[in-house]
Every structure is written in C-alpha cells, then in structure tokens.
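Both ligands and their constituent atoms are indexed starting at 1 by order of listing. Just so it is clear, the model here is predicted, and its values are computed rather than measured.
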Amino acid sequence: MFNDSLKQLSKRLASREISSVELTTEFLERIRQLNPRYNAFITVDEEKSLAQARHADRKIAAGEMDFLTGIPVAQKDIFCAEGWLTTCGSRMLSNFVSPYDAGVIERFNQTGAVNIGKTNMDEFAMGSSNETSYFGPVRNPWDVAAVPGGSSGGSASAVAARMAPVATGTDTGGSIRQPAALCGISGIKPTYGTVSRYGMIAFASSLDQGGPMAKSAEDLALMLNVMTGFDERDSTSLQREKEDYARDLDKPLSGLRIGLPKEYFAEGMSSDVEKAIAQALDEYRKLGAEMVDVSLPNSPLSIPVYYVLAPAEASSNLSRFDGVRYGYRAQHYQDLAEMYRNTRAEGFGAEVKRRILIGTYVLSHGYYDAYYIKAQKLRRLIAQDFSDAFTRCDVIMGPTAPAVAFDLGEKSSDPIQMYLSDIYTSATNLAGLPGMSIPVGFGDKMRPVGLHIIGDYFSEARMLNIAHQYQLNTDWHLRIPQI
Ligand code: GLN
C-alpha cells in the first residue's frame with residue numbers, strides 16, 4: 001500500500017476496502033518508525049490527522065467523495081495551517097501556531113485530504129541541502145550519508161521513504177525540482193501565478209511558487225488539479241479557467257520536439273549525470289521525439305541574477321520578523337532597538353542573515369542601479385531566451401542538478417558551491433516558466449539522477465504527458481530505496 005499510486009489509493013477508499021482512518025494510521029505508524037532516521041517531518045500531530053481522516057470517512061459514507069478525499073498529504077512547513085505549528089524551518093517561528101490556513105491548505109481541506117504532518121525544510125526555504133533548518137538536517141532515503149536536496153528536502157525524503165503518498169513543496173530557484181531529483185521522485189513547479197501564495201510564507205515573492213512532489217507524473221497531475229486556481233488574496237494569482245492536468249497523459253509523443261540547450265550540455269555536468277540524461281533522451285527518441293539544438297545564451301547569468309533578486313526580496317519580506325507581532329522574541333534587551341537586534345540575531349540562522357545582508361546591500365542607495373536594476377534587466381533577457389527557444393521546440397530538457405546528492409557537510413561551508421546546485425533550475429523561476437524533474441536512473445554511489453523538463457507558460461498538461469509517457473515505458477520511478 002505504501003507504494004500505491006493516488007489512483008490506487010483513491011480506488012481502495014471508494015470501494016471501502018480501507019477507510020481513511022486506517023490509511024492514515026498506517027502512514028502515521030510508518031512515520032513513527034522511519035522519521036527518527038530521516039528527520040523529514042518537523043511536526044506530526046496524530047490526533048489532528050486522525051480527526052481529518054474521520055471527517056473524510058464521513059464524507060465518503062455520505063457519497064461526497066472527491067478524488068483526494070481521505071488521502072494523506074505531507075505539507076511543507078512553509079504553508080500556514082490553522083492550529084498547526086508552522087515554523088518555516090526557523091527558530092524565528094519555532095513557537096508559531098498559525099491562526100489561519102494558506103490557500104493551498106484550504107484547497108486540500110475542502111477536498112477532504114488529510115494533513116499527515118509538516119515537513120522539514122531549509123530555513124525560510126533558503127538552501128539546497130536542508131542543512132540550514134533550525135530543526136536539523138534531513139537525510140536522503142537512498143543513502144543516509146547524503147543530503148536530500150533543498151529546500152523542500154523533508155517533502156522529498158518523506159515521499160521517497162514512503163512516509164507519505166504525496167507532498168507539497170515550494171520552488172523559488174529549484175526547491176521542488178532539485179530535492180525531487182536527489183531523492184528519485186517527481187516534482188513540478190507550475191507557471192508563476194498558478195498556485196496561490198496566500199499563507200505560503202514569503203521568501204522572494206516574484207519567484208516563489210508552490211507545487212506537488214510525488215512518485216509519478218500522473219500523481220503530480222492529480223495533485224495539481226487540487227492545488228491550482230485563482231485566489232483573490234494573492235495579488236499575483238492568475239484568473240484562468242480551471243483545467244484538468246491529467247487530460248493529456250495518454251497522448252503519444254510522436255512529433256515532439258525536444259530542445260537541448262547547448263549551454264546545459266557544456267561543462268559543469270558530472271559524467272554520471274550526463275550518462276543517465278543521455279539514456280533518457282534515447283528513450284524519448286524511441287518514443288518518437290526529435291531533438292533540436294537550441295541556445296539560452298544568458299543562462300550562465302541566472303545564478304548571479306537570482307542571488308541579487310532573491311535576497312533583495314527576502315530582505316524586505318523578512319523585515320516583518322521583529323519580535324513584536326509573532327514568533328520568537330529575545331529574552332534580554334534594554335530598549336526597543338535592542339529587542340529588534342537581539343531577536344533577529346538569535347532568531348535567524350547564518351544563511352538567512354547572509355541573504356538579508358546581501359539584499360539590503362543591493363537595494364541601498366548607490367548600489368540599487370548597479371545591482372538590482374541591472375539584475376532586473378538581465379532577468380528580462382533570460383526570459384526572452386526561452387521565448388526564442390520555444391519557437392523551435394515544444395519543451396526543453398537537461399539535467400535537474402549538475403551532480404547526484406552530495407554528502408552532508410560537503411558543501412555547507414561553501415555558499416557558492418551550494419548555490420550552484422540550482423544552476424539549471426533558477427532560470428525558469430526568473431522567467432516564471434513551469435519546470436519539472438523526473439527520475440531517470442542512478443549515478444555515483446547509486447544515488448538518483450533527475451531529468452529536467454522545462455515547458456512554455458501554461459504547458460503543464462503537456463509536460464506531464466511527456467513525463468508520463470516516459471514513466472509508462474521505464475521503471476525508474478518505481479524503484480524504492482532499501483530502508
Ligand atoms: N537553493 C536556492 C536558494 O537557496 C533556491 C531555494 C528555493 O527554491 N526555495 O535560494
């Protein structure tokens with residue numbers, strides 16, 4: 001049952017073979033057993049989850065079952081959930097119990113899904129390894145010596161270790177796709193504005209986007225059906241007609257044009273990753289796809305541009321954590337100014353402070369034009385590169401991450417090395433485009449490799465179709481870590 005797809009679980013619930021309470025109890029038991037090793041969850045509240053399961057069972061008995069009714073979903077601890085501790089991986093919010101639900105949580109509640117727990121993450125979603133969490137690092141189920149990736153590393157680890165059938169994540173520069181790749185699961189960051197950011201604790205608002213993490217592309221489609229939709233409480237939420245993301249899953253791929261950017265296949269990718277990606281592309285050729293050479297000339301600038309813009313927005317967003325309204329407050333201070341200083345000095349970790357410093361610097365008088373405005377202009381050029389490429393191909397493919405999962409501690413003292421984990425993913429956030437990662441094999445030390453698929457705006461259904469067809473013909477997504 002732990003390996004079941006959402007369709008299988010939903011069928012078991014609909015036929016009353018199992019109840020949601022039974023299903024939830026099984027997953028809670030598995031979390032109890034495995035979480036001490038992986039540290040994928042920050043908060044598990046069995047009573048709350050079981051209360052939701054009982055509610056789901058009543059809905060099912062009353063004939064009001066939706067597709068996800070009664071199914072456990074692990075929620076990244078960046079999503080506010082009423083009555084739940086919502087920490088964002090930070091000491092600053094280590095005592096914050098949310099008084100309201102995020103838009104995404106509301107949607108899962110309305111459909112009758114069960115919140116199975118809040119997953120661990122890099123502090124305020126800043127990181128690529130989950131080592132910046134105040135609640136300790138997360139372990140990769142494929143190898144406990146390895147990081148799970150970040151910042152949605154808890155969600156990735158939870159799904160890979162089958163502690164939850166599906167999970168949510170957020171992606172500002174790669175935080176759904178890179179951990180999905182490193183943990184051998186599937187994940188999609190939809191087009192910016194598709195999933196509500198209301199109640200999703202803000203890191204860099206113009207880049208942040210929520211999305212699902214799951215075992216397969218089919219499960220991602222079914223999750224997106226619940227997660228997406230207009231939310232008037234999010235000023236950048238898009239008003240579009242509701243779509244069924246599973247509608248194209250079964251379409252054949254003949255005639256598909258896959259763009260291969262020469263910049264992604266130049267130096268930088270490790271040879272084991274290169275090999276797995278080449279094999280995946282061969283599989284796509286067999287499925288009828290044609291490869292097209294494209295170029296994204298400004299893509300080498302995406303990391304520097306990201307590390308001007310994301311910290312700039314973060315420095316502004318994080319100014320709300322001042323010890324006055326909610327969250328942590330320092331115990332010792334003489335006056336108001338010292339209370340602010342001590343609260344922020346004690347409440348934030350080193351990486352968050354580094355970002356606030358960089359962000360404040362690039363926004364300050366005299367540097368604003370040189371850094372922030374310049375980065376905004378380059379952001380436009382990066383987006384334009386993709387538009388040009390999509391005149392010649394339907395999707396773009398490459399590696400999700402330059403190498404397989406690294407060891408815990410291996411990069412934590414070298415921020416630049418850590419930042420380069422997102423070298424292939426951050427450009428899509430800068431452009432607002434959808435991107436996804438699916439498992440396509442194993443590299444060094446039998447650690448998973450992810451294939452990155454980038455689509456044009458609102459082409460999620462097509463991307464999921466492309467991923468699903470691959471998964472129908474291969475079994476990488478069905479491989480399970482020995483645990
Ligand atoms: N790793 C990137 C960072 O540290 C992206 C994080 C994210 O997507 N939330 O900022």
Side-chain angles (χ1 to χ4, degrees), residues 76-79 88-90 119-133 137-138 147-156 167-183 187-190 192 195 197 200-213 302-318 348-359 362 375 379 400-403 405-406 410-412 414-437 450 452 454:
K76 184 175 181 180
D77 208 20
I78 198 168
F79 288 104
C88 219
S90 182
T119 60
N120 204 344
M121 53 179 287
D122 279 301
E123 185 177 11
F124 285 105
M126 298 173 189
S128 298
S129 67
N130 237 285
E131 293 166 294
T132 74
S133 170
V138 176
V147 302
S151 64
S152 312
S155 290
T168 56
T170 63
D171 191 310
T172 304
S175 280
I176 288 177
R177 294 161 285 163
Q178 184 257 11
L182 271 46
C183 286
I188 185 165
K189 175 203 97 70
Y192 182 77
V195 169
R197 289 186 299 106
M200 190 178 104
I201 298 169
F203 162 12
S205 309
S206 78
L207 302 160
D208 298 342
Q209 188 59 201
M213 304 175 78
S302 59
I303 290 287
V305 168
Y306 175 89
Y307 279 98
V308 170
L309 298 180
E313 294 186 29
S315 71
S316 166
N317 273 326
L318 269 55
F348 290 136
E351 184 60 30
V352 173
K353 287 178 190 164
R354 181 177 299 127
R355 307 282 178 110
I356 293 173
L357 287 171
I358 297 170
V362 300
R379 179 180 193 171
T400 304
F406 44 93
E410 197 180 319
K411 297 189 180 175
S412 43
D414 187 345
I416 303 287
Q417 272 308 310
M418 189 71 87
Y419 296 169
L420 289 173
S421 303
D422 292 323
I423 188 149
Y424 302 119
T425 48
S426 55
T428 52
N429 299 75
L430 291 165
L433 290 166
M436 72 183 295
S437 182
H452 193 206
I454 304 171

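The shortest side-chain heavy-atom distance between S175 and M121 does not fall under the 4.5 Å cut-off. No side-chain heavy atom of N429 sits less than 4.5 Å from a side-chain heavy atom of Q209.
For D77, the salt bridge (Lys or Arg N to Asp or Glu O under 4.0 Å) partners are K118, not counting sequence neighbours.
Here the closest non-hydrogen pair linking I176 and G210 is CD1-C, 4.1 Å. Minimum heavy-atom separation, S128 to Q178: O-NE2, 3.0 Å.
At a 4.0 Å heavy-atom cut-off, the residues surrounding ligand 1 are A125, M126, G127, S128, S151, D171, T172, G173, G174, S175, F203, Y306, Y307, R355, D422, listed by chain and number.
Looking only at atom types and distance, the side chain of K76 has no donor-acceptor partner in the side chain of S155 under 3.5 Å away.
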